[in-house]
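Quick note on labels: first sequence line is chain A, next is B, and so on, each numbered from 1. In what follows, every heavy atom counts, from backbone to side chain, and hydrogens, waters and symmetry copies are set aside. Note that the coordinates shown come from a computational prediction; the quantities given were computed from them, not determined experimentally.
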There are 2 protein chains.
Amino acid sequence: MRPKLTDVAKKAGVSVTTVSRVINDYGYISQKTRENVMNAMKELNYQPNSLARSLHGKSTNLVGLIFPSINNPFFAELVEMIEQKLFAEGYKVILCNAGNDKDKEREYLRMLSANQVDGIVAGAHNLGIEEYNQVGLPIVSFDRKLSDQIPIISCDNYTGGKLAVEELYAAGARHIYFLGNPHQNGNPTDQRLAGYCDTLDRFGLTHHIHTVSFSESPSLKLFSIKKLLSESVADGIVCTDDLTAILVLQAAKELQIKIPEQLKVTGFDGTKLVQIYHPELSTIVQPIEDIALLLVNVLKERIAQPKEPLKQMQYTLPVTFLRRNSTFKLN
Amino acid sequence: MRPKLTDVAKKAGVSVTTVSRVINDYGYISQKTRENVMNAMKELNYQPNSLARSLHGKSTNLVGLIFPSINNPFFAELVEMIEQKLFAEGYKVILCNAGNDKDKEREYLRMLSANQVDGIVAGAHNLGIEEYNQVGLPIVSFDRKLSDQIPIISCDNYTGGKLAVEELYAAGARHIYFLGNPHQNGNPTDQRLAGYCDTLDRFGLTHHIHTVSFSESPSLKLFSIKKLLSESVADGIVCTDDLTAILVLQAAKELQIKIPEQLKVTGFDGTKLVQIYHPELSTIVQPIEDIALLLVNVLKERIAQPKEPLKQMQYTLPVTFLRRNSTFKLN
DNA sequence: TTGTAGGCGTTATCAG
DNA sequence: CTGATAACGCCTACAA
């Protein structure tokens with residue numbers, strides 16, 4: 001059996017109150033008793049039971065992270081960053097990979113509430129507003145509007161779309177395609193698409209919007225990309241994420257289309273992994289560390305003052321463009 | 001305030017016992033009262049408090065996952081798989097990225113124990129045996145011996161090293177180098193190295209062992225790899241992980257060394273991500289899903305019968321070789 | 001400076 | 001079939 005407070009108290013020859021006092025470091029305690037108690041705890045290898053303390057009203061220091069999947073390098077890096085920031089603040093993380101699964105997301109939400117987590121970072125968005133409002137916990141959202149009560153942190157998706165088109169245009173492309181998720185309300189892709197469209201308009205070019213479902217298997221995606229490349233006159237492609245962009249590069253290679261001479265390609269996300277292991281890809285870089293930091297800070301604020309009205313509903317962080325060989329021949 | 005059992009009881013006009021009965025579905029209850037209670041719960045949006053139930057002796061259904069980092073695609077895929085399997089069994093996951101940080105790993109261990117998790121999957125191994133023995137919780141380890149009481153699941157690292165050498169030899173390489181982590185006791189790389197050495201011996205070839213620290217930055221790694229390639233006569237390289245292998249391919253490209261004609265390269269891990277986005281890399285594929293499943297199953301067994309002596313100390317899962325263009329020119 | 005006792009939200013053992 | 005009530009391990013007024 002695990003040692004409990006009373007065991008320590010008995011061993012140290014004091015009352016539980018005293019032990020509790022040294023653990024939580026409050027009230028008056030003589031140096032001698034404190035040491036006694038400390039020793040007793042060491043000897044018994046005593047660990048206070050978090051459940052019991054939390055039950056009493058102390059917070060659990062647990063935060064739930066709901067994201068689609070950590071197999072996507074972008075989410076992996078974001079989640080890892082968030083975990084680091086939270087750890088530094090004394091929080092521990094419950095990982096909830098919701099996939100595209102409404103039920104799993106709902107079940108996780110229920111579980112997080114049952115486990116009395118202090119707050120939630122929501123990055124998967126299969127569910128509607130109602131379910132998130134029900135929860136009654138501090139929540140911050142990544143990249144999607146969930147409710148009037150839930151602040152949103154995201155990068156400047158609109159500018160991302162704009163920068164990509166400007167880059168391709170500058171590189172000489174005049175038939176610029178958009179390749180990404182199917183349109184869906186509230187999806188970050190929407191803003192990227194808007195940036196794309198507006199900028200094309202500015203240049204007096206025609207829109208070409210192609211959708212590849214995010215959930216489709218990569219080989220299917222690759223197939224439809226090859227179809228697109230061989231049937232179209234595209235000389236520039238704005239992809240809504242890096243992985244899709246890499247598939248475009250692969251397809252181009254197979255079809256002997258020269259990058260960037262015949263076709264220029266941009267990605268979106270700019271994870272370290274892709275930057276390092278696909279150094280040929282030009283891309284829009286999201287400030288992952290800043291996003292993580294802001295998510296954590298805003299969440300902390302909500303946890304500290306859950307009743308306070310939101311100071312700010314939407315936080316938008318700047319993106320940067322990383323030029324590599326897929327748009328301009330360098331060195 | 002969150003509704004509690006007594007609120008539901010009051011609303012339904014019954015006692016807490018009765019409510020508890022319908023929640024846990026045991027004992028006799030009339031259909032009518034059951035419905036009453038159900039309705040009351042719905043109306044109040046009642047969620048039982050896990051802390052309280054666990055405090056009473058019920059398990060928390062929480063499992064701690066300690067891994068170095070989910071930024072490495074291999075761990076990302078493994079952790080995601082484990083999370084899926086655990087979710088299916090009703091467990092929730094606390095994510096602990098320990099990095100190379102002894103203190104963080106120790107702190108996480110302490111926290112997991114304090115939070116009364118049901119068990120731990122340990123995949124980061126900065127700490128020694130004593131600390132893991134102290135915990136007094138069901139633990140399973142991935143790829144490293146932690147103690148006599150902790151079962152190990154791993155892939156057949158030795159055969160992996162062997163297969164890699166055999167492939168390179170078959171492809172015509174005679175100056176076969178080993179590139180990976182520095183040697184360290186208990187490290188899975190050790191077995192891969194052993195497989196490499198034994199097989200070279202069998203072929204009557206000389207060992208060439210080069211170490212790149214796992215924790216080094218990729219650009220430093222790339223630098224030392226280029227140095228290696230330009231100074232050596234290597235015509236085959238066994239890498240201990242895919243990411244290193246990709247760096248070798250990059251270095252070769254920069255140095256205008258033709259793959260596979262002049263240099264043949266194998267990786268290790270075989271994640272889906274690398275298979276898809278680096279389809280040119282031959283590699284040893286670890287059975288990630290099977291590993292995850294086995295980790296979860298063995299852990300479940302330990303949780304069910306913590307006192308039982310271990311049935312088996314070591315579980316080794318077979319690896320497979322995936323042949324791609326980095327060893328043999330295909331199609 | 002230290003100890004006693006009640007309560008946090010549930011479960012489970014007894015009686016009714 | 002249902003209801004009191006004593007735990008679970010810890011915290012914290014209130015006493016001493």
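- Of the N and O atoms on the side chains of B:N97 and B:N71, not one donor lies less than 3.5 Å from an acceptor on the other residue.
- Phosphate contact (OP1/OP2 of C:dT10, side-chain N/O of B:S20, threshold under 4.0 Å): absent.
- For B:I23 and C:dA12, the CD1 to P distance is 12 Å, given to the nearest whole Å.
- Close to C:dT1, at under 4.0 Å from its OP1 or OP2, lies no side-chain N or O of A:T33.
- Put simply, CG on A:L5 is 12 Å from P on C:dG3, counting in whole angstrom units.
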Full working for salt bridge (charged side-chain N to carboxylate O under 4.0 Å, His left out) between A:D103 and A:R106: CA-CA 5 Å; A:D103 289 334; A:R106 190 177 293 115; 3.1 Å; yes
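- For B:K4, the listed nucleotide lying nearest its side chain is C:dT10; candidates were C:dG3, D:dG3, C:dT10.
- With distances taken from any side-chain atom of B:V14 to the nucleotides D:dG3, C:dG9, D:dC11, the minimum falls on D:dG3.
- Following rounding to the nearest Å, A:L51 (CG) and C:dT10 (C1') show an atom-to-atom distance of 12 Å.
- When the C1' atom of C:dA12 is taken as reference, atom CD1 of B:I29 falls 13 Å away, rounded to whole Å.
- Between B:N36 atom CG and D:dC1 atom C1' the separation is 14 Å, expressed in whole Å.
- Close to C:dC8, at under 4.0 Å from its OP1 or OP2, lies no side-chain N or O of A:K58.
- Rounded to a whole Å, the CG atom of A:D25 is 13 Å from the P atom of D:dC11.
- Regarding B:R21, its CZ atom lies at a distance of 8 Å from the C1' atom of D:dG3, rounded to whole Å.
- Residue B:T17 is classed as a base contact, given a heavy-atom separation below 4.0 Å to a base.
- Among D:dG9, C:dA12, C:dT11, the nucleotide with an atom closest to any side-chain atom of B:Y26 is C:dA12.
- Nucleic acid contact class of B:L55 (heavy atoms, under 4.0 Å, all strands): base.
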Worked verdict on B:S154 versus B:Q314 for side-chain hydrogen bond (donor to acceptor under 3.5 Å, both in side chains): CA-CA 8 Å; B:S154 65; B:Q314 168 100 43; 3.3 Å; yes
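- With 3.5 Å as the limit, one finds no donor-acceptor pair spanning the side chains of B:T17 and B:S20.
- Checking A:S30 against A:V16, the closest nucleotide of DNA chain C that is more toward the 5' end is the one next to A:S30.
- In terms of polar N and O atoms assigned as donor or acceptor, the side chain of A:H56 never comes within less than 3.5 Å of the base of D:dG9 in a complementary pairing.
- No donor-acceptor contact under 3.5 angstrom links the side chains of B:T271 and B:D269, judged on distance only.
- Taking side-chain N and O atoms only, A:N24 has a distance below 4.0 Å to OP1 or OP2 of D:dC11.
- In this structure, the CD atom of B:Q116 is 9 Å from the C1' atom of D:dG9, given to the nearest Å.
- Mapping B:A52 and A:Y28 onto DNA chain C by nearest heavy atom places A:Y28 closer to the 5' end of the strand.
- Looking at A:R53 and A:N24, their side chains do bring a donor and an acceptor atom within 3.5 Å of each other.
- B:T6 comes within contact range of no nucleotide atom at all, as no heavy-atom separation falls under 4.0 Å.
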